[in-house]
Amino acid sequence: MSRQVVRSSKFRHVFGQPAKADQCYEDVRVSQTTWDSGFCAVNPKFVALICEASGGGAFLVLPLAKTGRVDKNVPTVCGHTAPVLDIAWCPHNDNVIASGSEDCTVMVWEIPDGGLTLPLREPVVTLEGHTKRVGIVAWHPTAQNVLLSAGCDNVIMVWDVGTGAAVLTLGPDVHPDTIYSVDWSRDGGLICTSCRDKRVRIIEPRKGTVVAEKDRPHEGTRPVRAVFVSEGKILTTGFSRMSERQVALWDTKHLEEPLSLQELDTSSGVLLPFFDPDTNIVYLCGKGDSSIRYFEITSEAPFLHYLSMFSSKESQRGMGYMPKRGLEVNKCEIARFYKLHERRCEPIAMTVPRKSDLFQEDLYPPTAGPDPALTAEEWLGGRDAGPLLISLKDGYVPPKSRELRVNRGLDTGRRRAAPEASGTPSSDAVSRLEEEMRKLQAMVQELQKRLDRLEETVQAK
């Protein structure tokens, strides 16, 4: 009788802990749009989520601490003329967020510290170039002001947000059909894409060349997702020919056969992968699921190890993933998700059980900080660099807010002015304030008349 040896891992007992009711964001109207993005983006300052909006597209931005019931009249970011499909926070400026929409534009917004006090209608910069709806936006991980967008026109565009210009374009000759997902490598030298033509491609965007590609990584017809993971590997999620959901790990130098292929279940929701390079854990969140599965990736066979699964009663409409610098290290929190319900956003902390409340160096190696390693010009010139790392030992101290500088002289035809982003109210806001002032002045005059009458009565007596 042989005894089965259990693999040793410090992440074997990671567990998910949903936040208490008073730490959730209640009464938010999550978008009903049928699009396979996370609908939520978070950073150490704000949580943003795509919400229902009449007559255009909008998303909600709330300071992390502003939990509880959200007022139905809370100001939103509402400059798009059609539904918003994807949002992404800039990794180098926690006040800057990009959005892609069905109106074929990408807009970049600057959120003031403390959140919005008025609706934000004018972006810092509008990026126009796609001819169909824009479903994916992704910031370069290490180069400043470099933003990628992918549209349903089968085109990927890379923008220099500092000038508002498209600096690279990958046309329909690279992707002949709808692009399902795009992911940057850790140093930003390559991108990994999945496409409706059932191919996963690894592309050098500056040269526009396909470095490697894999035809039919999953046999099914449903959408495939692909992300870079550690040591030159990619992870894909998809469906088998029998519509079973699968997760596979591939070596980018040998894409003929997967390093690991596991079948999960028969649900129909697309699995969104989130990879943590510090712990080598990948989390799989399915839209419409009520669970989060997580796996550890190692350098020895079988490479992909199932750890556990967090389950809850309610299904998820979307999911946001907090960067490592926004976590509570004294509680051994290694990941935090923001799960979107139909009318609620619920934080879920992934924690390693440890008795000590001291800093655990093995759980928190140096992680990507908020400073860019390259300028846009250096990256376009051919340089690559990994993220500038910071230690979380003494906790993360956010830097002072940085203003997004846009050189308007280079692309005036493509951008509108941004009065609200710079702190000056728009014409609508000014007219509303003037109307309020007129009402207040009328009330003051009425009170003055009453006081005069009261004085006359007192003197008569």
Exercise. Is a donor on one side and an acceptor on the other found under 3.5 Å between the side chain of D86 and the backbone of V137?
Worked result: yes

Seminar exercise, completed: Here the pair of heavy atoms bringing P18 nearest to F310 is CD-CE1, 3.8 Å

For this session: Would you mind reporting whether L147 and V108 have side-chain heavy atoms less than 4.5 Å apart?
Result: yes

Problem set entry | Mutual orientation of the aromatic rings belonging to H140 and W184 [parallel < 30°, tilted 30-60°, perpendicular > 60°] | tilted

Exercise. Does S240 reach the main-chain N or O of M242 with its side chain, forming a donor-acceptor pair under 3.5 Å?
Worked result: yes

Exercise. Picking from N95, L64, V61, what satisfies side chain to side chain contact (heavy atoms under 4.5 Å, CB included) with K45?
Worked result: N95

Exercise. Is there a side-chain contact between H175 and D197 (heavy atoms, below 4.5 Å)?
Worked result: no

For this session: For residues L116 and V77, determine if any side-chain heavy atom of one lies less than 4.5 Å from a side-chain heavy atom of the other.
Result: yes

Problem set entry | Contact check, side chains of L284 and T237, non-hydrogen atoms, under 4.5 Å | yes

Problem set entry | Step-by-step ring-ring contact (aromatic ring centres under 6.0 Å, His included) determination, F359 to Y364 | CA-CA 8 Å; F359 180 74; Y364 300 103; 5.7 Å; yes

Exercise. Within the side chain of Q262, is there an N or O that forms a donor-acceptor pair under 3.5 Å with the backbone of L304?
Worked result: yes

Exercise. Do you see a donor-acceptor pair shorter than 3.5 Å between the side chains of E296 and H305?
Worked result: no

For this session: Assess the side chains of S194 and S181: does a donor N or O sit below 3.5 Å from an acceptor N or O?
Result: yes

For this session: For F337 and F274, run ring-ring contact (aromatic ring centres under 6.0 Å, His included): C-alpha distance rounded to whole Å, both residues' side-chain angles, the deciding distance at 0.1 Å, then the answer.
Result: CA-CA 10 Å; F337 291 91; F274 298 91; 5.6 Å; yes

Exercise. Can you tell me how far the OH atom of Y180 sits from the CZ atom of R222, to the nearest 0.5 Å?
Worked result: 8.5 Å

Problem set entry | Short side-chain to backbone donor-acceptor contact, K324 and A368, under 3.5 Å | no

Exercise. Which heavy-atom pair separates G129 from W159 by the least distance, and what is that distance?
Worked result: N-CH2, 4.0 Å

Exercise. When you look at Q316 and H341, which way does the side-chain hydrogen bond (donor to acceptor under 3.5 Å, both in side chains) test go after all the steps?
Worked result: CA-CA 5 Å; Q316 54 226 19; H341 302 252; over 6 Å; no

Exercise. Are the side chain of S101 and the backbone of A82 linked by a donor-acceptor contact shorter than 3.5 Å?
Worked result: yes

For this session: Would you mind reporting whether L264 and L271 have side-chain heavy atoms less than 4.5 Å apart?
Result: yes

For this session: Hey, can you tell me if H218 and W250 have their rings parallel, tilted or perpendicular (30° and 60° cut-offs)?
Result: perpendicular

Problem set entry | Test log, rule side chain to side chain contact (heavy atoms under 4.5 Å, CB included), inputs K66 and V47 | CA-CA 10 Å; K66 196 175 180 180; V47 54; over 6 Å; no

Exercise. Side chain to side chain contact (heavy atoms under 4.5 Å, CB included) between K331 and R354: does it pass, once the steps are laid out?
Worked result: CA-CA 8 Å; K331 295 183 179 178; R354 295 273 172 99; over 6 Å; no

For this session: Can you measure from OG1 (T142) to CG (D371) and round to the nearest 0.5 angstrom?
Result: 12.5 Å

For this session: State whether F39 and K287 meet the cation-pi test: NZ (Lys) or CZ (Arg) under 6.0 Å from the six-membered ring centroid, and within 45° of the perpendicular axis.
Result: yes

For this session: Report the residue from Y306, F275, Y283 that forms a ring pair (Phe, Tyr, Trp, His ring centres under 6.0 Å) with Y294.
Result: Y283

Exercise. Quick check: does any side chain N or O of N145 sit under 3.5 Å from a backbone N or O of V161, one acting as donor and the other as acceptor?
Worked result: no

Problem set entry | Where T67 and D22 come nearest, the two heavy atoms and their spacing | OG1-O, 3.1 Å

Exercise. Can you find a heavy atom in the side chain of N280 that is under 4.5 Å from one in the side chain of T298?
Worked result: no

Exercise. How far apart are the closest heavy atoms of W89 and V42, and which atoms are they?
Worked result: CD1-N, 3.5 Å

Exercise. For I97 and W139, what are the C-alpha separation, side-chain angles and deciding distance, and is it a side chain to side chain contact (heavy atoms under 4.5 Å, CB included)?
Worked result: CA-CA 10 Å; I97 187 169; W139 292 90; over 6 Å; no

Exercise. Do other residues, nucleotides or ligands put more than 12 heavy atoms under 6.0 Å from the CZ atom of R196?
Worked result: no

Exercise. What class does the angle between the rings of W109 and F59 fall in, given that below 30° is parallel, 30 to 60° is tilted and above 60° is perpendicular?
Worked result: perpendicular

Problem set entry | I203 vs V211 side-chain heavy atoms within contact, under 4.5 Å | no

Exercise. R245 and D289: salt bridge (charged side-chain N to carboxylate O under 4.0 Å, His left out), yes or no, with the steps?
Worked result: CA-CA 12 Å; R245 291 199 295 191; D289 288 9; 2.6 Å; yes

Exercise. Between W35 (side chain) and G135 (backbone), is there a donor-acceptor pair under 3.5 Å?
Worked result: yes

Seminar exercise, completed: d(L272 CG, Y321 OH) to nearest 0.5 Å is 13.5 Å

Exercise. Is there a side-chain contact between L49 and L340, using heavy atoms and a 4.5 Å cut-off?
Worked result: yes

For this session: Would you give the length of the straight line joining atom CZ of R29 to atom OG1 of T76, rounded to the nearest 0.5 angstrom?
Result: 9.0 Å

Problem set entry | Whether over 12 other heavy atoms sit under 6.0 Å from E342 CD | no

For this session: Could you walk me through whether L148 and M157 pass side chain to side chain contact (heavy atoms under 4.5 Å, CB included), step by step?
Result: CA-CA 6 Å; L148 176 149; M157 302 184 82; over 6 Å; no

Seminar exercise, completed: In this structure, CZ of R186 is separated from CD of E231 (nearest 0.5 Å) by 12.0 Å

Exercise. Under 4.0 Å between a Lys/Arg side-chain N and an Asp/Glu carboxylate O for E314 and R344?
Worked result: yes

For this session: Measure from the side-chain N and O atoms of S9 to the backbone N and O of F11, and report whether any donor-acceptor pair falls under 3.5 Å.
Result: yes

Problem set entry | E204 side chain vs K207 backbone, donor-acceptor pair below 3.5 Å | yes

For this session: Could you verify whether a donor N or O on one side chain and an acceptor N or O on the other, from T105 and H130, lie under 3.5 Å apart?
Result: no

Exercise. Distance from I297 atom CD1 to K233 atom NZ, nearest 0.5 Å?
Worked result: 8.0 Å

Exercise. Are H80 and D103 close enough that a side-chain donor and a side-chain acceptor fall under 3.5 Å?
Worked result: yes

Problem set entry | No-hydrogen, no-angle side-chain donor-acceptor test under 3.5 Å, S312 and K339 | yes

For this session: Verify, without hydrogens or angle tests, whether E378 (side chain) and T375 (backbone) share a donor-acceptor contact under 3.5 angstrom.
Result: yes

For this session: Could you pull out the closest heavy-atom pair between P347 and Y25, with the gap in Å?
Result: CG-CE1, 4.3 Å

